[in-house]
Amino acid sequence: MPRRVDRINGLLREELSHLIARQVKDPRISGVVSVTQVKTSADLRSARVYVSVMGDAATKRDTLQGIQSASSYLRRELRDRLALRYVPFMKFELDESMEDADHLLRIMDQLNPNPLSNEVPGGD
């Protein structure tokens, strides 16, 4: 991926995080919401925005619907804030990687129930 697209992805992630946290007033958006990743197409016309939401399945679903309903507002605000020729159309998706990592760590903890001790193997 070209450096320019990487920079735009990072810029969009920062600005969207700020806008969602401070300016979107939808009551469905509750709890901790963070934009984890933005993947912009090569022509910069569309982007997938991955959001992580803390809470149960209903909270995640409602928050994602609230963010999607605010997408035209977010795009308009980004147009005013960023010096880009095209502000991409955004599709929001839930990022489940944090939950997947937590689940994997729990399985690993179950495999090794004894935490590491301060003993050195083979020492007297």
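For clarity, every value in this text was computed on a predicted model and none was experimentally measured.
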Asker: Out of curiosity, does Val24 fall in the hydrophobic cluster containing Ile67 (side-chain heavy atoms, cut-off under 4.5 Å, transitive links)?
Answerer: yes
Asker: Can you name the closest pair of heavy atoms from His18 and Arg81 and give their distance?
Answerer: ND1-NH1, 3.7 Å
Asker: Only pairs under 3.5 Å count here: list side-chain donor-acceptor contacts from residues 85-94, not counting sequence neighbours, and write none if there are none.
Answerer:
from  : atom 1 : to    : atom 2 : distance (Å)
Tyr86 : OH     : Arg45 : NH2    : 2.9
Glu93 : OE2    : Arg48 : NH1    : 2.5

Asker: Checking Asp95 against Ser52: is there a side-chain donor and acceptor pair closer than 3.5 Å?
Answerer: no
Asker: Hey, could you give me the CZ/OG1 distance between Arg13 and Thr40, rounded to the nearest 0.5 Å?
Answerer: 12.0 Å
Asker: Working to the nearest 0.5 angstrom, can you tell me the gap between Ile20 CD1 and Glu77 CD?
Answerer: 12.5 Å
Asker: Can you see whether Thr59 engages Asp62 through a side-chain donor-acceptor pair at a distance of less than 3.5 angstrom?
Answerer: no
Asker: Is there a path of hydrophobic side-chain contacts, each under 4.5 Å between heavy atoms, that joins Val49 and Leu64?
Answerer: yes
Asker: Using 0.5 Å steps for rounding, measure from the CG atom of Leu16 to the OG atom of Ser34.
Answerer: 12.0 Å
Asker: What are the two closest heavy atoms between Arg28 and Ser69, and how far apart are they?
Answerer: NH2-OG, 2.8 Å
Asker: Under the rule for salt bridge (charged side-chain N to carboxylate O under 4.0 Å, His left out), what residues qualify as partners of Arg75, not counting sequence neighbours?
Answerer: none
Asker: Does Leu78 share a hydrophobic cluster with Tyr50, counting links as ILVMFWY side-chain heavy atoms below 4.5 Å and allowing steps through other members?
Answerer: no
Asker: As an exercise, state the distance from CD of Gln65 to CD1 of Ile29, rounded to the nearest 0.5 Å.
Answerer: 11.0 Å
Asker: What's the spacing between Ile8 CD1 and Leu82 CG if we round to 0.5 Å?
Answerer: 9.0 Å
Asker: What's the spacing between Gln23 CD and Lys25 NZ if we round to 0.5 Å?
Answerer: 7.5 Å
Asker: Do Val35 and Val5 belong together in a cluster built from hydrophobic side chains that touch within less than 4.5 Å?
Answerer: yes
Asker: Assigning hydrophobic clusters by single linkage (Ile, Leu, Val, Met, Phe, Trp, Tyr; side-chain heavy-atom cutoff under 4.5 Å), is Leu44 placed with Leu84?
Answerer: yes
